[in-house]
Every structure is written in C-alpha cells, then in structure tokens.
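Every chain is numbered from 1 and lettered A, B, ... according to where its sequence line falls, protein lines coming before strand lines.
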Amino acid sequence: MEKTFNPQAIERTLYQNWEEKGYFAPASDQRGDRTPYSIMIPPPNVTGSLHMGHAFQDSIMDALIRYHRMKGCNTLWQVGTDHAGIATQMVVERKILAEEGKTRHDYGREAFTDKIWEWKEASGGTITRQLRRLGASVDWDTERFTMDKGFYAAVQEVFVRLYEDDLIYRGKRLVNWDPKLHTAISDLEVENKEVKGNMWHLRYPLADGEKTAEGKDYIVVATTRPETMLGDTGVAVNPEDERYQALIGKAVILPLVNRRIPIVADEHADMEKGTGCVKITPAHDFNDHEVGKRCNLPMINVMTLNGDIRQQGEAYNIDGTVNQSIDTAIPEAYRGMERFAARKQIVADLDALGLLEKIDDHTLMVPYGDRSGVVIEPLLTDQWFVRAAPLAKPAIEAVEDGRIQFVPKQYENMYFSWMRDIQDWCISRQLWWGHRIPAWYDDAGNVYVGRNEAEVREKHNIPTPVVLTQDDDVLDTWFSSALWTFGTLGWPEPTDRLNTFHPTDVLVTGFDIIFFWVARMIMMTMHFMKDEDGKPQVPFKYVYVTGLIRDEHGDKMSKSKGNVLDPLDMIDGIDLEALVEKRCGNMMQPQLAEKIEKRTRSTFPDGISAHGTDALRYTLYSLASTGRDINWDMNRLEGYRNFCNKIWNAANYVKMHTDDQDCGNGDEPVELTLADRWIVSRLQRVEAQIEKNLSEFRLDHASQNLYDFVWNEYCAWYLELSKPVLWDEHAPAERKRGTRRTLVRVLEAIMRLAHPFMPYITEAIWQNIKHSAGVAGDTLMLQSYPVSDPARIDETAERDIEWLKSFITGIRNIRAELNIGPSKPLNVLLRNTSADDVARLNDNQTFLKSLAKLEDIRVLAAGEEAPMATTQLVGSMEVLVPMAGLIDKDKESARLNKEIERFAKEVARFEGKLNNEKFISKAPADVVAKEQAKLAEAQAARAKLEEQLEAIKAL
RNA sequence: AGUCGGUUAGCUCAGUUGGUAGAGCACCACCUUGACAUGGUGGGGGUCGCUGGUUCAAGUCCAGUACCGACUACCA
C-alpha cells in the first residue's frame with residue numbers, strides 16, 4: 001500500500017476489474033438466499049452529462065444495491081438512458097444551425113432524425129462513462145435506451161392497448177402551445193411566472209340600443225390580453241348580478257370586428273372583480289373555453305402556430321366541429337401581425353375610438369414554456385390525450401393502502417393532491433425525435449390505430465390502393481419513461497427477468513419529477529402489470545424522494561448563475577483556469593460571463609483539489625437528510641476526504657503490525673484484552689445502527705454512525721490501546737496474537753460495513769488485509785455484509801473502557817491546564833478508590849501508563865498524607881498528580897473554582913427537580929432514581945473539589 | 001388563495017417514541033510522540049424564530065404568530 005491515500009491511483013483499475021469480472025450482473029453471485037432486489041435507475045438524458053443531482057441519487061442507489069448484494073440478494077440495478085425528446089432535438093437543431101446554418105426542415109424528417117442518432121452514438125457515452133467513475137455497480141449487460149427496439153415495441157403496445165381500452169383519444173382541444181418550438185406541451189411543462197403587466201378596461205357597445213342600469217350604452221370588460229378580443233364570442237356576467245340582469249340574453253357589438261356576440265350568464269364571472277363583465281374567448285383561454293362549453297358559445301381561433309394573428313379566423317362549434325355560419329373575418333390591419341404587436345395596435349385603435357376606459361397596472365402570472373422560454377399560447381389543435389382519471393384511481397389507492405410508500409411520507413400529500421384532481425394528459429408532440437404515434441389516416445381523415453400499418457390494414461380491411469399515412473406526431477417523452485420499470489425487463493414478453501425483478505424495490509428520485517414521472521409510472525404500471533391473481537402490480541414498493549442539491553447559499557445550480565459544480569471535478573480536481581473556462585465558455589448569455597468569472601475566482605481561488613470518489617459519495621450520504629433542499633458544502637467534502645485518509649492510514653498501521661505475522665487464524669490459543677473485547681462489542685452496536693438506518697433510508701445517519709465508530713472509537717482509542725500490547729516485547733504470544741487478530745478482523749469488518757458507501761478505498765484496503773484477516777474471496781463486493789451479534793456485546797468491557805477513557809482524559813486535562821507537555825512522564829496517586837477501581841487499575845496498568853504517559857500509579861494508603869496535587873475525578877475516585885514545584889496557585893484555584901461552579905449549578909438543578917413534590921410523585925421511578933444518583937454524584941464532586949481548593953489556599 | 005416544508009453554535013446541518021442540546025467546518029491554546037499535520041490533545045461558543053397551552057418535565061406535543069422557501073390553482 002502507498003504511504004498516503006491517493007484515490008486516483010486505485011479507482012479506475014478497481015472499477016475495470018469489477019466490470020470485467022461481471023460482478024455487477026445478478027448472476028455473478030450465488031451466496032445468500034437470493035431474494036430478488038431491484039432498482040431501476042432514473043434514465044438520464046442520453047446526451048446529457050452527470051450533474052450533482054445524478055451523483056447524489058446514483059450514489060444512494062449504489063449504496064442500497066451494494067448493501068443488498070452483500071447481504072446475498074439477487075440484485076439488479078437496471079441502467080439505461082432516455083431519448084429526451086425536446087431536449088435532444090433542440091441540442092441537435094442548435095448544433096446544425098451553428099455549424100451548418102441549417103434548420104431541421106432543410107434536412108427533412110428522416111435525415112434529421114438520422115442526424116440525431118449520429119449525435120446520440122457520438123455523445124451518448126458521456127454519462128455512462130461518468131456513472132462508472134462514480135463507482136455505480138449497474139448491470140451494464142442489460143443496458144437499455146427508451147428508443148431501442150424492445151422499448152419501441154413496448155411503447156407501441158401500450159399505446160394500442162390504451163386506445164382499445166378507450167383510455168387514449170384524439171380531439172381538437174385547447175392545449176398549451178409553444179409558438180417557438182411549434183409543439184403542444186403538457187400542463188407540467190408550463191412554468192408560470194409572475195409578470196408586471198396591465199389590465200385594459202374596454203367598452204363594448206350594447207346592440208339594439210340597449211342601456212345598462214346606469215343608462216350607459218356600453219358595458220366595460222377588463223382584460224390582460226386585449227388581442228384575443230378578435231376571437232371573442234360572448235360576454236359573461238354572473239347570473240346573480242343584479243346590475244346586469246336585464247342584459248342577459250342581449251348582445252354587444254364587438255368593436256373593431258363588428259361581430260354581434262351574446263351576453264350570457266355564467267358563474268365564472270365574478271361580481272367582485274373588475275366590472276363584473278368578462279369577455280369570453282373560448283379558443284384562447286382555458287376558463288373561457290369552459291364557459292363556452294356551458295353556454296354553447298362557438299370558438300374562433302385567431303392565431304397561427306407562430307402566435308401571429310391569422311389572415312382569417314377559424315370557427316368551431318364547442319364540440320370541435322367546424323362552424324361555417326359565423327363570419328370569421330379579421331380586420332385587415334391586424335392580419336399577420338405578431339401577437340404582442342397586435343396587442344399594442346388594438347389597444348391604440350380602441351383608444352382612438354374612445355372605447356378604452358382605462359389602463360391599470362396589474363401583476364399577473366404568465367405561462368412560459370419550460371424549454372423555449374416563450375409565452376405559451378392556449379391554442380385549438382388536434383392532439384392525442386390519455387384519459388387520466390381512470391388510471392389514477394388504482395394508483396391513488398396503492399399509495400393510500402401502503403403498497404407504495406413515499407419516504408419521507410410528506411410527499412404523499414403532493415402526490416395525492418395532484419392525482420385527485422388530475423387532468424387528461426396531452427401526449428402528442430409536434431416533434432421529430434421520439435416515438436411516432438402508431439396511428440394512420442386515410443384520405444377521408446379516418447383514424448386507425450395499430451401496431452403497424454399491416455396490422456391496421458388487416459384489422460380494418462383496408463385494401464392496398466387506399467393510401468394510409470402515419471400520424472406525424474411523436475409521444476411525450478414521459479409517456480415512454482412511464483413504462484420504465486417493466487419495459488426494461490422485456491415486457492410485453494413474459495420474461496424471467498420480468499418475473500424475477502418486478503415489482504422493483506425502491507425508486508430513488510427527486511421531488512421535482514413526482515408528477516412528471518413517478519405518478520405516471522404508477523398509473524401505467526398498474527394498468528399493464530398484473531400478478532398471478534390478476535391484481536395490479538405496483539412498479540416499486542418505496543419511493544425514496546431526495547432533496548435537490550443546491551449551492552452553498554441555497555441557490556439552485558444553473559449554468560446562467562455560474563454556480564454549477566461538476567461531480568467529476570470534485571473527484572479529479574480542476575485548476576482555476578479550466579474551471580473558469582468551463583463555467584463561462586459556450587454560454588447562451590455571454591453577458592453574464594464576467595460576473596460568473598469573478599464569482600468563480602473568489603469562491604475557488606485555487607481551483608478544486610482532487611478528493612476522490614469515495615469522499616464525494618460519503619459527503620452526499622452525509623447530506624442525505626429528509627429536507628427538501630440540500631446545500632452543498634465544500635468543507636464537508638474536505639472533511640470526508642480526510643476521513644478517507646484516516647482510514648487509509650489506520651489500515652497502514654494495521655498492516656504494519658499484521659502482515660506476515662501470526663494473526664490467530666490457526667488453532668493457537670488467543671487471549672483477548674479488555675480493549676479487544678470492547679472494540680468487538682462496539683462493532684456489534686454500530687452494525688445494528690447501520691442496519692436500522694439503512695432500512696429506513698437514513699443514509700445520513702448510517703454514514704454518521706460509521707464515521708463515529710471508525711474515527712472516534714477504532715482509530716482514536718482502539719488503535720492506541722493496541723500499541724502497548726504490540727510494542728511490548730514481553731507480552732504473552734497469545735495476547736499479541738489476540739490483539740493482532742482483533743485489529744485486522746475489526747478492520748476487515750469495517751471495510752465490509754463501509755463498502756456500500758465508499759467502494760474503492762474499502763476494496764483496495766480489503767485486498768491488502770484479507771489474508772491476515774483469514775478471509776478468502778476475489779472481491780469485497782461479494783463478501784457478506786456484517787450482521788450484529790448481540791451475544792458479542794460486552795457491557796462490562798464497555799463500562800471498563802469508559803472508566804479507562806475518563807482516567808486518561810483526566811490526566812490529559814491536567815496536562816493541558818498546567819501546560820505539561822504530553823511527553824513528560826507523570827506519577828499519579830489515587831484516593832477514595834472503590835473495589836472496582838482497584839480491580840480495573842490492576843487490569844489496565846499498561847494501558848493507562850502508555851496512553852496517559854504515566855510512570856507510576858499508586859493508591860494512597862489509608863491515613864497517608866497526600867502531597868500537594870492537582871486532581872481529577874473518575875467517578876468517585878480522585879486522581880492526584882503531585883505538583884512539586886509545578887503549581888501555579890492562582891491558576892489552580894481558578895481552575896478549581898470553575899469546576900466547583902459547574903458542579904454547583906448541576907447540584908442546584910437536580911435539587912430543584914427533586915424538591916418538586918410533583919416530580920417525585922408523577923415521574924417514573926427510574927427517572928427519579930437517576931436524578932437522585934446524579935445529584936449525589938455532583939454533590940460529592942463538589943465537596944471534593946472544595947476540599948482541594950482549601951488545601952491550595954492553605955499553601 | 002390552498003398545500004407542504006424550513007427557522008437549533010460563526011457557517012452547513014443532525015436531533016428517532018417528551019427526561020439536563022450534537023456533528024463537520026471555522027475559532028482559541030498547546031503538541032511534529034514509532035498509522036495519519038488531510039494529524040493529536042484540551043478548550044470557547046446555542047435563552048433551539050416569537051407567544052401562549054398541555055405536562056412533574058417541551059428543541060421534541062398542541063394552538064396561534066412572524067419571516068424565508070417550494071409546489072398547486074387562480075387572478076377576466
């Protein structure tokens with residue numbers, strides 16, 4: 001082993017070896033009871049790269065997988081990537097525009113999708129390479145892609161069956177239209193942002209000479225979108241509204257357009273808001289659309305797919321059929337105008353006509369496309385939808401009755417609130433990259449759905465001369481990823497893999513995609529996957545919802561903020577210039593570069609040093625608490641890098657004393673010291689803690705348990721306690737043998753315990769010590785996970801070591817207080833010793849002398865006068881360090897006074913409690929007894945310290 | 001507007017069924033002793049957002065309140 005821990009020297013070769021040997025595959029391992037345990041990786045975008053969120057979630061999955069694999073489960077971690085429709089298509093479109101000045105239309109559909117496949121082949125490996133660096137023990141043999149052949153078949157099958165079950169339909173509906181990307185998007189892909197805008201109050205003249213109650217010949221409607229008035233087909237007032245009772249059923253003349261539109265009564269109109277009159281544009285507003293349905297108002301579409309004003313409106317009845325009776329002319333002035341320009345013009349024209357009552361400032365929520373960043377337009381188009389409510393019902397029940405559990409549980413609320421009010425899901429996208437919808441049309445516009453054209457022809461008896469054309473649209477990416485748990489296992493074929501590994505055990509994901517993915521996966525899986533009794537199968541038993549990793553200030557990591565941290569840079573390190581280039585180069589908004597550069601230079605003046613994968617992973621585990629936001633902290637990373645170093649050096653020490661030595665693996669007798677028995681006992685406890693915390697997905701606690709044990713017990717105390725035994729030439733062979741054996745076996749157990757968290761360093765060390773520890777095997781990965789054995793918990797040894805520790809700490813305390821160097825040997829005297837103290841003293845002279853650097857320890861004889869000394873208490877025993885000439889009277893008095901005060905406070909607190917009648921009578925007896933014992937102890941301590949103070953003063 | 005989080009040491013965060021507040025980093029002092037200075041030893045530092053209530057006992061349970069945040073819906 002190298003002298004200092006150097007992660008880069010070990011990581012790559014270890015991973016390669018694991019992968020080559022096939023240890024990640026379920027079949028590689030034949031130990032244990034082989035209970036299936038499976039996790040499906042949330043498929044990252046195929047052309048993406050690993051960010052902190054991936055590193056976080058994948059590290060958690062790897063820990064769970066490695067833990068269960070070591071426990072002897074038949075373990076599958078399914079890996080794969082997502083074709084990521086819009087995201088990938090956009091990347092390639094941008095690329096060809098930048099490199100060739102072409103658009104996708106220059107290429108044509110087929111050539112363009114070929115181009116994307118090329119790009120996928122070229123850059124698709126990045127994220128999987130990075131997964132390897134992270135140590136992810138995924139089963140590479142069965143890697144999947146959401147557009148591979150098998151998945152394609154699964155998607156077609158699902159679509160066809162849902163259509164046959166009347167759970168998919170096509171229709172002209174109002175959808176969220178992205179005028180830049182030219183596609184419909186689902187509700188979830190719309191981001192509502194608060195924007196400062198205006199409210200325009202418009203006068204609509206009444207028809208037929210009608211007058212309002214106030215005698216005016218117009219009514220006033222308020223709107224934030226005046227341009228849509230071109231498509232108004234009514235004005236609504238509340239049926240209860242007395243002001244307008246007389247006008248219901250009458251009409252207004254729509255200004256500029258001069259269309260006569262009715263005044264209708266609908267509860268949508270709020271009497272409290274504005275004037276109480278609302279213009280109704282059923283083709284351009286979701287609420288108005290509903291009003292249109294209720295009041296049977298036609299819809300007039302006045303916008304193009306670009307979001308410009310049409311040359312001529314399109315009229316539909318509310319059921320979507322074409323309406324030819326309405327005049328859909330659009331005033332010439334606005335034809336072809338961009339939507340926001342049209343808004344300006346229309347307002348100006350209304351003003352000129354004296355129809356603009358007033359303009360108010362108004363803050364409103366505006367919908368933006370999450371990919372394009374442009375304002376979304378509600379638009380009437382033909383789209384495919386999934387009827388969500390029937391699918392949601394069993395999916396809700398599965399969470400209600402606990403077949404699926406969210407961890408932390410609070411996320412169930414989020415799930416329920418969305419699922420119980422679920423809207424139909426628009427699944428068609430006007431893109432080229434994705435799963436093409438398996439629907440065909442004939443010239444008459446009839447639609448046929450089937451697995452392929454041949455099937456469609458056969459089923460519907462369509463002769464060859466009839467031309468069928470396939471639907472141009474593709475499916476929402478989330479439609480295919482909703483099939484991930486069973487699609488990856490071979491469905492629709494009834495494969496062994498499906499039978500063995502479905503339902504999966506746990507889904508690890510962020511709360512941000514509960515709606516996008518988790519909910520839809522539950523719905524789809526429960527519809528298609530049934531167990532032997534025909535009951536719906538859930539996709540997974542647990543949903544472990546992680547928080548989102550943010551930067552050190554709690555800000556979301558984003559390229560435009562320049563605060564993105566690349567997990568690979570944590571592992572391998574990066575110099576400042578490279579980091580600046582990475583953050584500022586190739587930016588969509590170059591004007592931010594200067595600010596980002598400045599920020600980067602001040603946050604990382606020396607770049608980022610290499611910390612290794614294990615340190616990165618350990619940091620992620622330690623941060624994996626139940627909160628929703630997780631603030632990244634470089635200091636923690638450094639702390640855990642140090643932890644790795646600590647482990648490495650401890651292993652060096654162990655090797656130094658065990659390599660080629662008799663480690664008690666044969667038949668020779670061994671003697672176990674108190675320290676040996678103690679560390680074995682403590683090991684059982686930490687094993688139990690880790691087991692419990694892993695079962696509750698508290699990896700933060702588990703990693704903390706391990707850290708405490710390794711650093712504060714094994715390294716800080718046990719290794720020190722082993723030294724006097726191993727250094728002592730005269731120590732009996734069986735004792736040395738026992739200590740060597742314990743030393744190396746506990747280290748070996750620690751390596752197994754820690755392996756799911758820090759796979760590299762543990763494997764590297766384990767390979768070095770396995771022989772001394774008396775274990776065989778090619779890899780730590782397939783060793784059994786340590787199980788706590790309650791029979792090996794030794795409470796006596798634990799109490800004895802506590803005594804020893806407080807003795808040693810007491811001496812160290814005196815050294816620090818009196819400025820006595822750690823290497824200066826001391827003589828100590830003991831007073832007020834109990835039988836236990838004497839016994840412990842006799843058993844542990846060597847330990848005490850070595851760790852506290854003592855020359856002699858002697859119990860004061862009865863009646864013997866104690867010399868001038870400074871004192872520490874170990875329970876009721878007094879440890880005296882004679883201070884011939886050393887004493888600083890003032891300093892020592894001050895120290896004693898401080899101690900006395902501390903105990904006096906305690907005494908007061910306990911006395912107060914115990915004098916409380918109610919406490920005595922109501923608190924449980926054991927609590928009272930404990931308080932009494934504490935009081936007595938504090939009182940005794942105070943008394944002794946006071947005695948000493950007197951003695952000092954008397955000097 | 002609704003739902004759900006958060007508010008604990010200078011910073012980032014733990015705190016499991018109510019029983020005298022913890023970690024890492026930072027800080028102070030001392031120490032290069034035969035695993036480790038990416039280290040060791042000792043130490044300082046918190047009226048647990050605020051107000052009430054339940055209880056012998058509240059960071060922990062209940063009610064209210066302030067601030068911060070997320071999500072959902074809506075605002076003509």
Side-chain angles (χ1 to χ4, degrees), chain A residues 3-5 187 192 199-201 221-225 235-236 268-270 273-281 285-288 291 362-365 408 410-411 413-414 416-418 421 511-512 514-515 548 552-554 609 611 615 619 622-623 625-657 692-693 696 698 700-701 704 707-708 715-716 719-720 723 727 809 812-817 819-823 853 905-906 909-910 913 916-924 926-928 930-931 934:
Chain A
K3 188 96 175 100
T4 52
F5 173 55
D187 300 344
N192 290 303
M199 176 84 84
W200 288 271
H201 296 255
V221 298
T223 181
T224 54
R225 301 206 52 199
V235 170
H268 171 64
D270 188 335
K273 276 184 190 162
T275 57
C277 301
V278 200
K279 68 193 247 343
I280 302 298
T281 324
D285 181 282
F286 288 101
N287 281 314
D288 292 4
V291 176
H362 184 67
T363 305
L364 72 162
M365 297 295 271
Q410 75 226 24
Y411 289 107
N413 290 323
M414 212 166 141
F416 286 138
S417 66
W418 190 69
D421 185 32
F511 64 83
D512 51 330
I514 287 179
F515 305 146
L548 252 41
E552 67 276 16
H553 301 110
S609 61
H611 294 81
T619 309
S622 74
L623 294 174
S625 58
T626 58
R628 202 168 35 193
D629 297 317
I630 292 164
N631 292 1
W632 180 254
D633 184 356
M634 287 303 281
N635 291 322
R636 294 288 289 264
L637 180 64
E638 224 163 280
Y640 293 113
R641 193 265 321 265
N642 295 352
F643 181 50
C644 291
N645 191 55
K646 189 79 181 172
I647 293 176
W648 189 262
N649 284 303
N652 260 329
Y653 168 81
V654 172
K655 265 179 74 67
M656 189 183 305
H657 286 287
K692 175 174 181 285
N693 283 319
E696 293 168 359
R698 288 308 301 264
D700 54 336
H701 287 169
Q704 183 65 35
Y707 183 97
D708 279 342
C715 292
L719 292 193
E720 295 307 317
K723 286 174 183 175
W727 283 346
T809 308
R812 287 173 179 167
N813 217 311
I814 290 171
R815 285 183 190 274
E817 298 278 357
N819 242 322
I820 304 170
S823 53
K853 196 80 185 166
K905 265 189 197 162
E906 284 195 13
R909 176 143 20 96
F910 297 133
K913 245 182 177 178
N916 184 341
E917 199 62 34
K918 288 176 176 169
F919 175 69
I920 301 286
S921 58
K922 297 207 174 169
D926 61 316
V927 173
V928 175
K930 234 196 262 173
E931 295 293 311
K934 282 186 202 160

- Spacing of OG1 belonging to A:Thr619 relative to CG belonging to A:Asn635, to within rounding of 0.5 Å: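 Result: 10.5 Å between the selected atoms.
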- Item | Distance (rounded to the nearest 0.5 Å) between A:Leu637 CG and A:Arg641 CZ |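 It is 7.5 Å, given to the nearest 0.5 Å.
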Choose from [options] the nucleotide whose nearest atom is closest to any side-chain atom of [X].
X: A:Asn649; options: B:A35, B:U33, B:C56; result: B:A35
X: A:Asn642; options: B:U38, B:A35, B:C71; result: B:U38
X: A:Asn652; options: B:A35, B:A14, B:C56; result: B:A35
X: A:Lys646; options: B:C36, B:G5, B:G19; result: B:C36
X: A:Pro924; options: B:A14, B:A35, B:C56; result: B:C56

Euclidean distance, atom [atom1] of residue [X] to atom [atom2] of [N] [Å, nearest integer]:
X: A:Asn693; N: B:U16; atom1: CG; atom2: P; result: 12 Å
X: A:Asn635; N: B:C13; atom1: CG; atom2: P; result: 12 Å
X: A:Phe515; N: B:C71; atom1: CZ; atom2: C1'; result: 7 Å
X: A:Asn819; N: B:G42; atom1: CG; atom2: C1'; result: 11 Å
X: A:Asp633; N: B:A14; atom1: CG; atom2: C1'; result: 14 Å
X: A:Gln704; N: B:U12; atom1: CD; atom2: P; result: 18 Å
X: A:Phe643; N: B:G24; atom1: CZ; atom2: C1'; result: 12 Å
X: A:Tyr411; N: B:A70; atom1: OH; atom2: P; result: 14 Å

- Task: Between protein and nucleotides 43-48 of chain B, map the contacts as a letter string: B base, S sugar-phosphate only, - none, heavy atoms under 4.0 Å, written 5' to 3'.
- Result: S-----
- Query: Looking at B:U16, does its base get a donor-acceptor pair with the side chain of A:Lys692 below 3.5 Å?
  - Reply: yes
- Message: I'd like to know if A:Arg641 reaches the base of B:U38 with its side chain such that a donor and an acceptor end up less than 3.5 angstrom apart.
- Response: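 Looking at the base of B:U38, it does pair with a donor or acceptor on the side chain of A:Arg641 (distance under 3.5 Å).
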For [N], does either OP1 or OP2 sit under 4.0 Å from a side-chain N or O belonging to [X]?
X: A:Lys918; N: B:C56; value: no
X: A:Lys934; N: B:G19; value: no
X: A:Lys853; N: B:U41; value: no
X: A:Asn631; N: B:C13; value: yes
X: A:Ser921; N: B:C56; value: no

Do you know which two heavy atoms are closest between [X] and [Y], and how far apart they sit?
X: A:Asp512; Y: A:Leu548; value: OD1-CD1, 3.7 Å
X: A:Val278; Y: A:Val221; value: C-CG1, 4.2 Å
X: A:Arg698; Y: A:Asp700; value: NH2-OD2, 2.7 Å
X: A:Asp288; Y: A:Lys279; value: OD2-O, 3.4 Å
X: A:Arg815; Y: A:Lys853; value: NH2-O, 2.8 Å
X: A:Ala236; Y: A:Ala269; value: O-CB, 3.8 Å

- List in chain and number order the residues that pass side-chain contact (heavy atoms from CB on, under 4.5 Å) with A:His657, two or more places apart in sequence or in another chain; answer none if no residue qualifies. A:Tyr653, A:Leu726, A:Trp727, A:Leu743
Heavy atoms under 4.0 Å, any strand shown: does [X] hit a base, just sugar-phosphate, or nothing?
X: A:Arg636; value: base
X: A:Met199; value: sugar-phosphate
X: A:Met414; value: nothing
X: A:Arg698; value: sugar-phosphate
X: A:Lys723; value: base
X: A:Asp270; value: base
X: A:Ser417; value: nothing
X: A:Trp632; value: nothing
X: A:His362; value: sugar-phosphate
X: A:Tyr707; value: sugar-phosphate
X: A:Leu719; value: base
X: A:Cys715; value: base
X: A:Asn645; value: base
X: A:Asp700; value: nothing

- Message: Taking the nucleotide of RNA chain B with the nearest heavy atom to each, does A:Glu638 or A:Ala816 sit closer to the 5' end?
- Response: A:Glu638
- Closest-nucleotide 5' rank along RNA chain B - winner of A:Asn192 and A:Leu623: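 Nearest-nucleotide comparison on RNA chain B picks A:Leu623.
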Determine the Euclidean distance between corresponding [atom1] atoms of [M] and [N]; express it in Å to zero decimal places.
N: B:A9; M: B:C13; atom1: P; value: 11 Å
N: B:C62; M: B:G43; atom1: C1'; value: 40 Å
N: B:G44; M: B:A29; atom1: C1'; value: 10 Å
N: B:G42; M: B:A35; atom1: C1'; value: 22 Å
N: B:G24; M: B:G45; atom1: C1'; value: 15 Å
N: B:U16; M: B:U60; atom1: P; value: 11 Å
N: B:G18; M: B:C61; atom1: C1'; value: 8 Å
N: B:C11; M: B:A26; atom1: C1'; value: 7 Å

- Determine whether A:Phe919 and A:Val928 make a side-chain contact, defined as any pair of heavy atoms from C-beta on separated by less than 4.5 Å.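 Result yes, sub-4.5 Å side-chain heavy-atom pair found.
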- Item | Pairwise side-chain contact, A:His362 with A:Trp200, heavy-atom cut-off 4.5 Å (strictly under) |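 Not in contact.
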- Relative to the ring of A:Phe643, is the ring of A:Tyr707 parallel (under 30°), tilted (30 to 60°) or perpendicular (over 60°)? tilted
- Message: In terms of relative ring orientation, are A:Phe515 and A:Trp418 parallel, tilted or perpendicular, with 30° and 60° separating the classes?
- Response: parallel
- Does a sphere of radius 6.0 Å around NZ in A:Lys655 hold more than 12 heavy atoms from other residues, nucleotides or ligands, not counting ones at 6.0 Å or beyond?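 Count over threshold, so yes.
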- Could you spell out the base pairing of RNA chain B in dot-bracket, with Watson-Crick or G-U pairs whose two distances are under 3.5 Å, [ ] crossing and | to another strand? (((((((..((((.....[..)))).(((((.......))))).....(((((..]....))))))))))))....
